[in-house]
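Chain letters run A, B, ... following the sequence lines, proteins first and then strands; every chain starts at 1.
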Amino acid sequence: MPDPVISVKIGDLQMKNPVMTASGCYGYGEEYQDIVPLEAWGAVVVKGTTCAPREGNPPPRLVETPSGLINSVGLHNPGIETVIERELPRLGEKGVPVVVNLAGESEEEYIYLARRLEERAEVEAVELNISCPNVKKGGIAFGSDAVSAGKLVAKVRENFSRTLLVKLTPNVGNLPEIAGAVEKAGADALSLINTLRAMVIDIHAQKPVLPAGTGGLSGPAIKPVALRAVWEVTASVNVPVVGMGGIFTPEDAIEFILAGANAVAVGSAIFVNPRIPAEIVEGINSYMKQKGYENIGEMVGAARQ
Amino acid sequence: MPDPVISVKIGDLQMKNPVMTASGCYGYGEEYQDIVPLEAWGAVVVKGTTCAPREGNPPPRLVETPSGLINSVGLHNPGIETVIERELPRLGEKGVPVVVNLAGESEEEYIYLARRLEERAEVEAVELNISCPNVKKGGIAFGSDAVSAGKLVAKVRENFSRTLLVKLTPNVGNLPEIAGAVEKAGADALSLINTLRAMVIDIHAQKPVLPAGTGGLSGPAIKPVALRAVWEVTASVNVPVVGMGGIFTPEDAIEFILAGANAVAVGSAIFVNPRIPAEIVEGINSYMKQKGYENIGEMVGAARQ
Amino acid sequence: MKSIDPTARDCYLLEIEGVELGPVIPGQFVHLRVLPATDPFLRRPFSVHSYDTGNRLLSLLFQERGKATGILKELKPGTAIDVMGPLGNGFTLNGVARALLVGGGIGIAPLYYLGRRLREAGVETRMLAGGATSLDLPAENYKPHPEVQILWSTEDGSRGYRGTVVAMLKEHLLKNPREETADMIYSCGPTAMLSEVVKTASNHRIPVEVSLEAVFACGVGACLGCVHPVNAREGTRYLRVCKEGPVFNGKEVIFDA
Amino acid sequence: MKSIDPTARDCYLLEIEGVELGPVIPGQFVHLRVLPATDPFLRRPFSVHSYDTGNRLLSLLFQERGKATGILKELKPGTAIDVMGPLGNGFTLNGVARALLVGGGIGIAPLYYLGRRLREAGVETRMLAGGATSLDLPAENYKPHPEVQILWSTEDGSRGYRGTVVAMLKEHLLKNPREETADMIYSCGPTAMLSEVVKTASNHRIPVEVSLEAVFACGVGACLGCVHPVNAREGTRYLRVCKEGPVFNGKEVIFDA
Ligand SMILES: Cc1cc2nc3c(=O)[nH]c(=O)nc-3n(C[C@H](O)[C@H](O)[C@H](O)COP(=O)(O)OP(=O)(O)OC[C@H]3O[C@@H](n4cnc5c(N)ncnc54)[C@H](O)[C@@H]3O)c2cc1C
Ligand SMILES: Cc1cc2nc3c(=O)[nH]c(=O)nc-3n(C[C@H](O)[C@H](O)[C@H](O)COP(=O)(O)OP(=O)(O)OC[C@H]3O[C@@H](n4cnc5c(N)ncnc54)[C@H](O)[C@@H]3O)c2cc1C
Ligand SMILES: Cc1cc2nc3c(=O)[nH]c(=O)nc-3n(C[C@H](O)[C@H](O)[C@H](O)COP(=O)(O)O)c2cc1C
Ligand SMILES: Cc1cc2nc3c(=O)[nH]c(=O)nc-3n(C[C@H](O)[C@H](O)[C@H](O)COP(=O)(O)O)c2cc1C
Ligand code: FES
Ligand code: FES
C-alpha cells in the first residue's frame with residue numbers, strides 16, 4: 001500500500017503535512033533548531049507581531065496549572081520591521097511555509113501590518129490575532145463581537161491578497177456566529193482556538209500570580225473545550241479550520257481532524273515534547289493506513305457522519 | 001488564640017463552614033454517608049431536580065480528560081415530588097442546611113418548582129440552574145443572555161421567599177453583565193461556575209464518546225477559568241458568590257475566597273477524595289491562624305487590594 | 001502496596017497490605033486512587049481478586065489498558081495506595097448447588113474470589129476461562145481453590161479448548177446434562193461476550209449473573225455517571241453499575257442499546 | 001536514572017546514566033520531563049551539578065519544593081528520564097585567577113560543577129555555602145574538588161559561621177585584602193540573597209555573576225515566558241532567563257522591579 005497523502009492546502013498555503021506551530025510557542029523558528037528541525041512542521045506560525053516593538057508584560061508571565069499553563073507574555077516581540085529584516089529572510093530559506101501572526105491595537109494597525117507583509121514574498125499567509133487575552137487594547141475586543149470582527153477582516157482582506165487566517169477566541173458565547181461573520185468577510189481559514197481567560201492567586205502574597213491579574217490558559221486542560229469549538233464551528237462554516245488547543249499526542253491531533261479541522265497546530269506541548277510534529281505525522285500516517293484512508297482530506301470531519 | 005470564625009451566611013442560609021457540595025456530585029447526600037459524614041459540609045446542594053422524573057442521557061455519560069471530567073448525565077433525577085417525599089425529610093434531619101438545585105424547561109416550570117419548595121421548611125435555599133449544558137431545552141438558554149436571565153430570576157423571586165441562589169454558566173462572553181442582571185432581578189447570591197462545554201472524540205469508533213456529542217467539563221482543569229470568573233464577577237456585583245470549579249485542595253478553596261467568593265463548593269474532587277470537606281475546613285483554619293484573621297469575612301476578596 | 005507481579009501478558013497481580021475492608025462479597029470492587037496528581041484524575045475500579053480478612057491482604061488482578069494501569073504497574077513496593085471499598089453489589093451466593101464461572105480475559109479477576117468462596121461454602125464449582133492465547137492466561141495451576149476445576153480455552157488453541165470461551169461454554173452445556181452442569185452461571189468479561197453468555201444461559205434456562213464495566217467517577221452512586229440500561233418492572237431504567245451493580249441479573253441487562 | 005540519595009533535609013542527589021550532553025559550561029541547566037502524564041505539565045529546569053563526559057553521567061542536586069520534585073524523589077532506579085540540554089548561558093570562566101563562589105540553600109547545586117572546573121583550570125577557588133541549619137547542608141566533606149575550600153554558614157550556628165552566607169561574605173571581604181579574596185564572585189541562591197551579594201560585590205568593586213531562577217516553559221528562548229528585567233544599553237530590557245541567562249552579570253540585573 002502506498003503511503004497515505006497527508007499534504008494539505010489551506011487557501012494557497014501548501015503544506016507537506018497538516019501540523020503547524022501555534023503562534024507564540026515556537027518563537028521565530030530559531031530557538032528549537034538544534035533540537036528538532038524546522039522542516040518537521042507543515043508550516044511555521046511565528047510569534048504575534050505588532051507595528052512597534054513591544055517588551056511585553058512584566059514577569060512573572062507563566063504559571064502552571066493542572067494539565068495546563070497560563071501565560072501573560074503580552075505580545076513581547078521586536079516589531080514588524082525587525083521581523084521583516086531579520087527573521088523572515090532566514091525563515092524563508094527553510095522551505096517551510098511561514099505564517100505571520102499579526103496583532104494590532106486598531107483597524108489601522110492591522111491594515112498597516114497586512115500591507116507591509118503583502119510586499120514580502122517569504123510570507124505565505126498571515127494569521128490575524130483578534131483573540132489575544134493578554135493586551136489591554138485591540139486584539140480580543142475585535143474578536144468578541146461578530147460585527148467588529150467582520151468589519152476588521154473585510155478591511156484587512158482588501159489589503160492582503162495571499163492566504164488570510166483569522167484566529168478566534170473561545171471566550172465568547174456565540175463562536176459560530178463570529179466565525180460566520182469572519183468567513184463572510186473574506187477569511188480563507190479560521191484558527192481555533194486561542195487561550196481561555198484564566199488566573200491563579202498566590203495565597204501567600206494574596207494577589208494574582210500574574211501582575212496582569214489574568215492570562216491565557218493553554219495545554220491539555222483545554223483540549224476538550226477546543227475540540228468542541230472546532231466541532232461547533234465546522235458544523236456551520238465552509239472555510240478550512242486549523243484546530244488547536246491542548247494537542248499533546250498524535251491521538252489528540254486525529255481527534256481534531258475527525259471533528260472537522262483541516263490542519264492542526266501545536267503550542268504548549270512543544271515545550272514538553274519538541275519532537276511532537278514528527279510523532280503526530282507518524283501517528284496520522286499509521287492511523288490512516290489502519291483505517292484505509294488514502295488522502296487526509298477523507299478524514300476531515302469523519303466523526304460527524 | 002481562639003479558633004477563627006469560619007461560619008458564613010449567604011442570604012438567610014447560615015452555614016457552620018463555607019464548604020458546600022456542588023450540585024450533582026453528592027447525589028441526595030445518602031451515597032457517601034458511610035464514607036464521610038454529611039455533617040462535614042457547610043451545606044448540601046442536591047442534584048438538579050426537575051418537575052417530572054428524568055432518566056437522563058444514554059450512556060456513556062462520563063469521559064475523563066487531562067485533570068478533568070466531562071459529564072453528560074442530563075439531569076437524571078426522580079423529579080420534585082419524589083425529592084420532596086423521600087429525600088428532603090431524611091436530609092432535613094441531619095442539621096445541615098439543604099439547598100435544592102432546580103432545572104426547568106420553561107419559566108413556568110421554574111416557577112412551579114420554586115413554589116413547591118416554598119412550602120417545604122427543610123429547604124433553606126434553592127439554586128436556580130440556568131447553566132446546565134447537558135439538556136436540550138431550557139437551562140443554559142436562560143443563562144446565556146442577560147435579559148432572559150433577569151426576567152426568569154425576577155419571576156422566581158416573586159414565588160420564593162427564602163434564599164435564592166442562581167448558578168451561572170461560564171460559556172458566555174459577558175458574564176459580569178449576566179451576573180449584574182441576575183443580581184438586579186433579586187437573586188440573593190450567585191453560584192459560579194457550572195461546567196464548560198467540551199467534548200472528546202473516540203478515534204476508533206470515529207464519533208464523539210458521549211452520545212450527546214458534547215458535555216460539561218469540570219475538575220482541576222477548569223479551576224483557573226472558574227477563579228477568573230469569580231474574580232471578574234465579584235468586581236462588579238454586590239451579592240455574595242459561591243465559588244466552584246476544580247477545587248481539589250484547601251489552597252484552591254482559599255484562592256476562591258481571596259478572589260472574592262464568600263463560600264465555595266466542591267464537585268468532581270469529591271469523587272477522588274471524599275474527605276475533602278474536612279480537609280478544606282482544616283486548611284482554611286490554619287491559613288487564617290497563620291495570617292491572623294479572626295473571621296473568614298475578612299479574607300473575602302483580599303487578593304484584590 | 002506489598003508487591004506487584006506479572007501473571008500474563010500485560011496482566012499483573014497487585015497485593016496491598018493493611019487494607020481494612022470488613023466483609024467482602026465476591027463481585028464487589030475497590031476504588032483506587034492511583035496518584036496524588038490530577039492526571040489521571042479519577043479513581044479506578046478493580047474487582048476484589050482475593051481478600052484475606054485476617055491478614056487484611058487485598059489482591060487485585062489487573063490488565064494494563066491506559067494511563068492509570070500503566071502507572072500502577074510501575075509502583076514501588078511500599079508506596080501507599082488509597083483504597084475505597086468494598087463497593088457495589090456482589091454475586092448471589094445463596095441457594096446455589098453447582099456453579100459455573102465463565103471468565104473472558106481479565107474478567108477472570110472477580111471469579112477467583114467467587115470460586116474460592118463458593119467452594120468454601122460447599123458449592124460444586126467449575127470455571128471456564130478464556131483468552132486469545134496461552135500468553136494471555138495465568139499459569140495453568142493458578143487456581144482459586146484446589147477443588148475448583150478450570151477448563152481453559154484459547155482462540156489459537158495454544159492451551160485447552162481451541163475457540164472462544166463462549167464456544168466452550170456452549171459445547172459444555174450441550175455435552176453435559178443440566179443436573180451435572182450448573183444451576184447458576186456467573187460471568188465477567190467483555191460486554192459482547194457477556195451478551196453471548198446470557199443468551200446461551202437463557203437457552204439452557206440457567207440463571208445467570210454478570211459483572212458489568214462502565215467508566216466510574218464516584219463509585220458510590222452519587223454522580224449517576226455509570227448507568228447501564230436494564231429491563232425493570234417499570235420499563236427500561238438506567239441503573240448505576242457502581243451501586244445497583246456491578247453484578248446484575250444477566251437476563252435483565254440490555255446489551256444492544 | 002541510576003540512583004537517588006538524600007544529601008540534606010529535603011535535598012537529593014540524582015544520578016542519571018547514559019546522558020549525551022556534549023560539552024557543558026558550569027551554570028548551564030538541563031530541562032527534565034518528570035512524567036509522561038500532564039500533571040505536572042511542564043518540564044523542570046535543574047542546574048548541572050556535575051557531568052562526566054566520558055561516562056555520560058549527569059548529577060543533579062535538587063530540593064523538594066512541590067509536585068515535580070516530589071515525584072522525582074520517589075522514582076525507581078532504572079526509570080527512564082527525558083533530559084534536554086545543556087541549555088542557557090553558563091558562568092564566565094576565562095580571565096579569572098581567584099574565584100569566590102557564594103551559594104545559598106540549594107543554590108550550591110551549580111557551584112559544585114563550577115568549582116571543580118575552575119580548580120581544574122588552575123583557578124584559586126573558595127566557596128561560601130550557607131543554609132538555615134546544618135541539616136540543610138550536605139556532609140561537611142562533600143566538596144567539588146579536594147583543593148576547593150568550603151566555608152560553611154548556618155543561621156543557627158549549628159555548623160561554621162553563625163549567620164547568613166551574605167553576612168559571612170561581608171566579613172570575609174572586609175577581613176581579607178582584595179588580592180587575597182577574589183577577582184570574581186559567582187553566586188546562586190534565593191533572589192533576595194543574590195541582590196545582597198551583588199551589592200556587597202559592588203561595594204568591593206569585584207565583578208559578580210549570578211544565576212537566576214524563573215518559571216520556565218520552553219527553556220530554549222521560544223516562549224518569552226521566563227524574562228527578568230535587566231539594565232541594558234537601550235534601557236531596561238526583559239531578557240530570557242533560559243536563553244540570555246540563567247547566568248547574568250550581577251550588576252545589570254534589576255532586583256527590585
Ligand atoms: C466494577 C469494575 C471492576 C473492574 N475490575 C477490574 C479488574 O479486576 N481488573 C482489571 O484489569 N480491570 C478491571 N476493571 C476495568 C478497569 O477499571 C479499567 O481497565 C481501568 O480503569 C483502566 O484505566 P486506565 O487509566 O489504565 O485506562 P484508560 O486510559 O482509562 O482507558 C484505556 C482505554 O480503555 C477504554 N476504557 C477504559 N475504561 C473502559 C470501560 N470501563 N469500558 C470500556 N472501555 C474502557 C478507554 O476508552 C481507553 O481507550 C473493572 C471495571 C469496573 C467498572
Ligand atoms: C535555571 C534554573 C536552574 C535550577 N536549578 C536547580 C537545581 O539545581 N536544584 C534545585 O533544587 N532547583 C533548581 N531550580 C529550581 C527548580 O526548577 C524548581 O525547584 C522546580 O521546578 C520546582 O518544581 P516543583 O514542581 O517541585 O515545584 P512547584 O510545585 O512548581 O513549585 C513549588 C513552589 O515553589 C514555587 N516556585 C516554583 N518555581 C519557582 C521559581 N522559579 N521561582 C519562585 N518560586 C517558584 C511555586 O510557586 C510553588 O509555591 C532551578 C531553576 C532554574 C530556573
Ligand atoms: C507562551 C504562549 C504565547 C502565545 N503567544 C501567542 C501569540 O503571540 N499570538 C497568538 O495568536 N497566540 C498565542 N498563543 C496561543 C497559542 O498560539 C495557542 O492558540 C494556544 O496556546 C492553545 O494551544 P496549545 O494548548 O497547544 O498551547 C500563545 C500561547 C502560549 C502558551
Ligand atoms: C457528574 C456531574 C453532575 C452534575 N450535575 C449538576 C446538576 O445537576 N446541576 C448543576 O447545577 N450542576 C451540576 N454539575 C456541575 C457542578 O455542580 C459544578 O458546577 C461543576 O462540576 C464544577 O465544579 P467541579 O469542578 O468542582 O466539579 C454536575 C457536575 C458533575 C461532574
Ligand atoms: S460512578 Fe458515580 S454513580 Fe456510579
Ligand atoms: S522558558 Fe521559554 S523563553 Fe525562557
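Residues of residues 66-77 of chain D having a heavy atom under 4.5 Å from any heavy atom of chain B: none.
Taking a 6.0 Å sphere around CZ of D/Arg9, one finds it holds more than 12 heavy atoms contributed by other residues, nucleotides or ligands. Heavy atoms of other residues, nucleotides or ligands lying less than 6.0 angstrom from NZ of B/Lys291 number more than 12. At most 12 heavy atoms of other shown residues, nucleotides or ligands fall within 6.0 angstrom of atom CD in B/Glu294.
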